[in-house]
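Here is the naming used below: chain letters follow the sequence lines, and residue numbers restart at 1 for every chain.
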There are 2 protein chains.
Amino acid sequence: MKNIDVSKVIDQCDIVSGVLKSLSHPIRLKILCYVIEGDRTVNELTEYCGIAQSSMSQFLGRMRKEGILSSRRVATNIYYGMADPKLKKLLKSIKEIYCK
Amino acid sequence: MKNIDVSKVIDQCDIVSGVLKSLSHPIRLKILCYVIEGDRTVNELTEYCGIAQSSMSQFLGRMRKEGILSSRRVATNIYYGMADPKLKKLLKSIKEIYCK
DNA sequence: ACATAATATTAACAATACATAATATATGCT
DNA sequence: AGCATATATTATGTATTGTTAATATTATGT
């Protein structure tokens with residue numbers, strides 16, 4: 001196994017902890033775990049998570065601002081998708097570690 | 001590459017997001033990145049992070065309660081170490097993803 | 001142009017987290 | 001027993017975050 005070297009994480013603690021903050025809320029994590037399977041509309045996500053539409057919109061808006069989600073409009077629907085390849089990798093790792 | 005299957009993450013979103021919350025603060029992340037290299041005393045961690053002793057103690061106490069850090073007393077010093085192998089793995093993954 | 005469906009924004013409040021200061025506890029030394 | 005050092009706890013003010021309700025915007029269909 002490779003040597004443990006977290007020095008670069010330490011240098012970037014502010015940035016990385018910010019990213020992780022996005023995953024630190026159960027609904028946000030649930031959103032991301034759903035969206036990683038494919039783009040979803042706000043409506044789909046709202047029903048899936050069982051929360052108020054306003055809350056969902058705020059969560060999505062926040063994550064879009066943070067650059068981890070992207071959005072595209074199709075008629076009246078807006079599809080959200082994963083915008084950050086690193087986060088995609090991280091979610092997969094999380095699944096590997098916590099769900100086997 | 002293996003199929004993406006995050007269904008189990010979804011089942012455990014509450015638990016997993018809780019763990020990630022611990023990494024979502026720059027100082028807590030810094031602490032963990034330092035401790036993963038080997039057990040450290042409160043004093044070492046305090047100086048390393050450059051924060052007040054009381055703050056450090058509260059961060060450490062919190063993470064110990066959450067079960068991600070362990071502590072053992074040696075004379076007047078208390079050494080903190082990683083208590084959770086899964087978190088250890090996760091930190092390594094984070095390093096892989098964000099620091100290469 | 002109007003009604004409707006989907007999404008976003010704003011405001012107000014409650015809950016949580018952080019920083020700081022002050023005090024308390026535990027251990028070792030003399 | 002008394003003192004010094006290391007660590008923990010408590011209390012308080014402040015900031016951040018989450019929730020809810022109300023309102024606004026954007027696009028579609030008639």
Side-chain angles (χ1 to χ4, degrees), chain A residues 13-35 38-83, chain B residues 10 13-35 38-83 87:
Chain A
C13 274
D14 287 358
I15 295 159
V16 175
S17 66
V19 173
L20 294 169
K21 200 165 189 177
S22 296
L23 314 195
S24 75
H25 188 283
I27 296 292
R28 284 196 299 268
L29 185 55
K30 202 168 177 179
I31 292 169
L32 292 169
C33 287
Y34 196 36
V35 162
D39 294 5
R40 308 287 180 186
T41 68
V42 178
N43 204 25
E44 286 171 333
L45 288 165
T46 303
E47 287 180 3
Y48 178 68
C49 292
I51 63 171
Q53 180 268 317
S54 171
S55 277
M56 179 56 71
S57 188
Q58 288 182 68
F59 280 133
L60 294 173
R62 170 183 171 156
M63 291 193 279
R64 196 187 50 215
K65 266 187 199 164
E66 290 168 342
I68 68 181
L69 286 182
S70 60
S71 68
R72 63 195 162 84
R73 168 157 240 148
V74 178
T76 58
N77 293 316
I78 292 181
Y79 285 84
Y80 277 84
M82 300 290 297
Chain B
I10 291 165
C13 274
D14 287 358
I15 295 159
V16 176
S17 65
V19 173
L20 294 169
K21 199 166 188 176
S22 296
L23 314 196
S24 75
H25 188 282
I27 297 292
R28 283 195 299 268
L29 186 56
K30 202 168 176 179
I31 290 168
L32 292 169
C33 287
Y34 196 37
V35 162
D39 295 5
R40 306 288 180 186
T41 67
V42 178
N43 203 24
E44 285 172 332
L45 288 164
T46 304
E47 287 182 2
Y48 178 67
C49 291
I51 64 172
Q53 181 266 320
S54 172
S55 278
M56 178 55 70
S57 187
Q58 288 184 67
F59 280 132
L60 294 173
R62 168 183 174 158
M63 291 194 278
R64 196 188 50 215
K65 267 188 198 164
E66 291 167 342
I68 67 181
L69 285 182
S70 61
S71 67
R72 63 192 161 85
R73 168 155 240 150
V74 177
T76 58
N77 292 317
I78 293 181
Y79 284 84
Y80 277 83
M82 300 290 297
L87 185 51

Fill in: Verdict with supporting geometry, A:Ser54 and A:Gln58, side-chain contact (heavy atoms from CB on, under 4.5 Å)
CA-CA 6 Å; A:Ser54 171; A:Gln58 288 182 68; 3.2 Å; yes

Item to complete: Establish, with yes or no, whether the OP1 or OP2 oxygen of D:dA27 is under 4.0 angstrom from a side-chain nitrogen or oxygen of A:Thr76.
Response: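 No, A:Thr76 has no side-chain N/O under 4.0 Å of OP1/OP2 on D:dA27.
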
Practice prompt. Answer yes or no: does a side-chain N or O of B:Tyr80 lie under 4.0 Å from OP1 or OP2 of D:dA8?
Written response: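 True: B:Tyr80 side-chain N/O within range (under 4.0 Å) of D:dA8 OP1/OP2.
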
Fill in: Shortest non-hydrogen contact from B:Ile78 toward B:Ser71
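Result for this residue pair: CG2-CB, 3.8 Å.
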
Discussion item. Can you give me the closest heavy-atom contact between A:Ser22 and A:Ile68, atom names plus distance?
Written reply: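 Heavy atoms of A:Ser22 and A:Ile68 come nearest at CB-CD1, 3.6 Å.
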
Report the distance from atom [atom1] of [X] to atom [atom2] of [N], rounded to the nearest whole Å.
X       : N      : atom1 : atom2 : result
A:Ile78 : D:dT28 : CD1   : P     : 11 Å
B:Gln53 : D:dT9  : CD    : C1'   : 10 Å
B:Asn43 : D:dA8  : CG    : P     : 11 Å
A:Asn77 : D:dG29 : CG    : P     : 11 Å
B:Met63 : D:dA8  : CE    : P     : 12 Å
B:Gln58 : D:dT10 : CD    : C1'   : 9 Å
B:Leu45 : D:dA8  : CG    : P     : 10 Å
B:Met56 : D:dT7  : CE    : P     : 11 Å

Item to complete: Select base, sugar-phosphate, or nothing to describe what A:Ala52 touches, counting heavy atoms under 4.0 Å on all strands.
Response: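 Nothing, no nucleic acid heavy atom in range.
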
How about [X] and [Y]: do any of their side-chain heavy atoms sit closer than 4.5 Å?
X       : Y       : value
B:Glu66 : B:Lys21 : no
B:Val16 : A:Leu23 : no
B:Ile31 : B:Met56 : yes
B:Phe59 : B:Leu45 : no

Item to complete: Please list, in 5' to 3' order, the outermost nucleotides of DNA chain C lying under 4.0 Å from any heavy atom of chain B.
Response: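 So the contact region on DNA chain C extends C:dA17 to C:dG28.
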
Item to complete: Would you sketch DNA chain D in dot-bracket for me? Only Watson-Crick or G-U wobble pairs with both distances under 3.5 Å count, crossing pairs as [ ], other-strand pairs as |, the rest as dots.
Response: ||||||||||||||||||||||||||||||

Worksheet item: Looking at D:dT9, does its base get a donor-acceptor pair with the side chain of B:Ser54 below 3.5 Å?
Response: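 Yes, the side chain and the base share a sub-3.5 Å donor-acceptor pair.
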
Worksheet item: Okay, side chain of B:Ser17, backbone of B:Cys13: is any donor-acceptor separation there less than 3.5 Å?
Response: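 Side chain of B:Ser17 to backbone of B:Cys13, a donor-acceptor pair under 3.5 Å: yes, one is there.
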
Worksheet item: Is the cationic atom of A:Arg40 (NZ for Lys, CZ for Arg) positioned less than 6.0 Å from the six-membered ring centroid of A:Tyr34 and within 45 degrees of its normal?
Response: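 Yes, cation above the ring, under 6.0 Å and within 45°.
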
Worksheet item: Which of residues 20-29 of chain A sit near DNA chain C, with a heavy atom under 4.0 Å from it?
Response: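 The answer is none.
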
Discussion item. Measuring from atom OG1 of A:Thr46 to atom CD1 of A:Ile51, what distance do you get when rounded to the nearest 0.5 angstrom?
Written reply: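 Result: 6.5 Å between the selected atoms.
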
